[in-house]
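A short write-up of the structure that comes next.
Throughout, numbering of the chain's residues begins at 1 and tracks the sequence.
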Amino acid sequence: MEIFDNDLNAEVIGFGALNVDKLYSVENIVGADGESFIKSSTDTPGGSAANTVVGLARLGCDTSIIGKIAEDEDGDLIEYNLAVNGVYTNNLIYSETGSTGKCLGFVDSEGERCLYIDPGVNDEIKIGEINLLNIMRCKIMHYTSFVGDSFNAQIELLPKLSDETLLSFDPGMLYVQKGFDALKPILDRTDILLVNESELRLLCNNNDAPIKELVIGFLDLGIETVVVKQGSKGVFATNGSEECEVAAYECDAVDTTGAGDSFNSGFLYSYLKGYDLEKSCKIANWVASRAIQGFGMEKFPSLKELEDFF
């Protein structure tokens, strides 16, 4: 079912894997030969780019997503979730074979998690399946990771983007593990880099240097804004002329799975509003603090909640 007409234009379009997050609440996350037990489970539509555009839609932005789903129950769940949250479905790609992507997640009593990805049809996207007319007027294209070959479609799309479109990039650990050289075509086009500290250090192959020192190299690439997410320690961000360190909001974490994605929602919302770097990071931290108080996207805040708080 396609809910929206193809001629609708989105301010932000995500391009990344679409998964159903099958989340299991466990007493503790164990290593090899360990045992624990499952306390409860839930199926939640997810994927990093999807979480971000849903979060943006809840904050009043027009959003869409490029992603691939199969004609199965998980695909129907993803499409329905996007539609009811106000995300335009005009850029979804449908596969008649295969299965929709899944993410098996185990979340402990402290909100920490481990994830296992079954990509399904996510990794079958070809550049010819993307309707270029639908994306030419978006203000921000937001890239997140795939497990396999759809990475090539993201690279092939870069020269086809409008010069007016900003590229936001959250590589995630899957892409960071590819190494700097593999990611350089995307980094060369990136305007906003959203990365956590572990990913930044691995990408730079440097565990010791101060974050500010590592970030300079990305500014030298021509990236306009670099945001380093540090979990409970907050965030460091700079655009070359301005920099800030913003503390995280204290909260009772239930599930940290979507913390970075919800942060991205708050930051990109603020960017579109023209807020300065510090205010953008404060809003992003607050959105993330709300989101991790529930499973999946159930606690992503609305625009009214944001306005009431700030």
Could you label the plane-to-plane angle of the F267 and Y271 rings as parallel, tilted or perpendicular, counting under 30° as parallel and over 60° as perpendicular?
tilted
Verify the neighbour count for atom NZ of K178: are there more than 12 heavy atoms of other residues, nucleotides or ligands below 6.0 Å?
yes
Do the side chains of K22 and D74 get nearer than 4.5 Å, heavy atoms only?
yes
Any donor-acceptor N/O pair, R201 side chain to N196 backbone, under 3.5 Å:
no
Hey, what's the ring geometry for F106 with Y116, parallel, tilted or perpendicular (30° and 60° as the breaks)?
perpendicular
Is there a side-chain contact between Y24 and V107 in this structure, where contact means two heavy atoms from C-beta onward sitting under 4.5 Å apart?
no
Distance-only, no hydrogens or angles: does the D276 side chain make a donor-acceptor pair with backbone N or O of E278 under 3.5 Å?
yes
Using modelled atom types only, decide if a donor and an acceptor are shared between the side chain of T52 and the backbone of D261 within a distance under 3.5 Å.
yes
Verify, without hydrogens or angle tests, whether N285 (side chain) and A247 (backbone) share a donor-acceptor contact under 3.5 angstrom.
yes
Examine distances only and state if a side-chain atom of S150 and a backbone atom of N122 form a donor-acceptor pair shorter than 3.5 Å.
yes
For residues 156-168, which side-chain N or O atoms pair as donor and acceptor with protein atoms under 3.5 Å away, sequence neighbours left out?
unit_1, atom_1, unit_2, atom_2, d
S162, OG, E164, N, 3.0
T165, OG1, C138, O, 2.9
S168, OG, H142, ND1, 2.8

Heavy-atom side-chain proximity of N134 to Y88 below 4.5 angstrom
no
S41 side chain to L23 main-chain N or O, any donor-acceptor pair under 3.5 Å?
no
Side-chain donor-acceptor pair under 3.5 Å between N239 and T225, yes or no?
no
Can you pull out every salt bridge (charged side-chain N to carboxylate O under 4.0 Å, His left out) where at least one residue sits in residues 115-133? Sequence neighbours excluded, please.
K68-E129
Do we get K273 above Y275's six-membered ring, with its NZ or CZ under 6.0 Å from the centre and within 45° of the axis?
no
Test side chain to side chain contact (heavy atoms under 4.5 Å, CB included) applied to F169 and L187, I192, V195, L194, the passing residue:
L187
Presence of salt bridge, D170 and K229, under 4.0 angstrom
yes
Measure centre to centre between the rings of F15 and F146, then say whether the value is under 6.0 Å.
yes
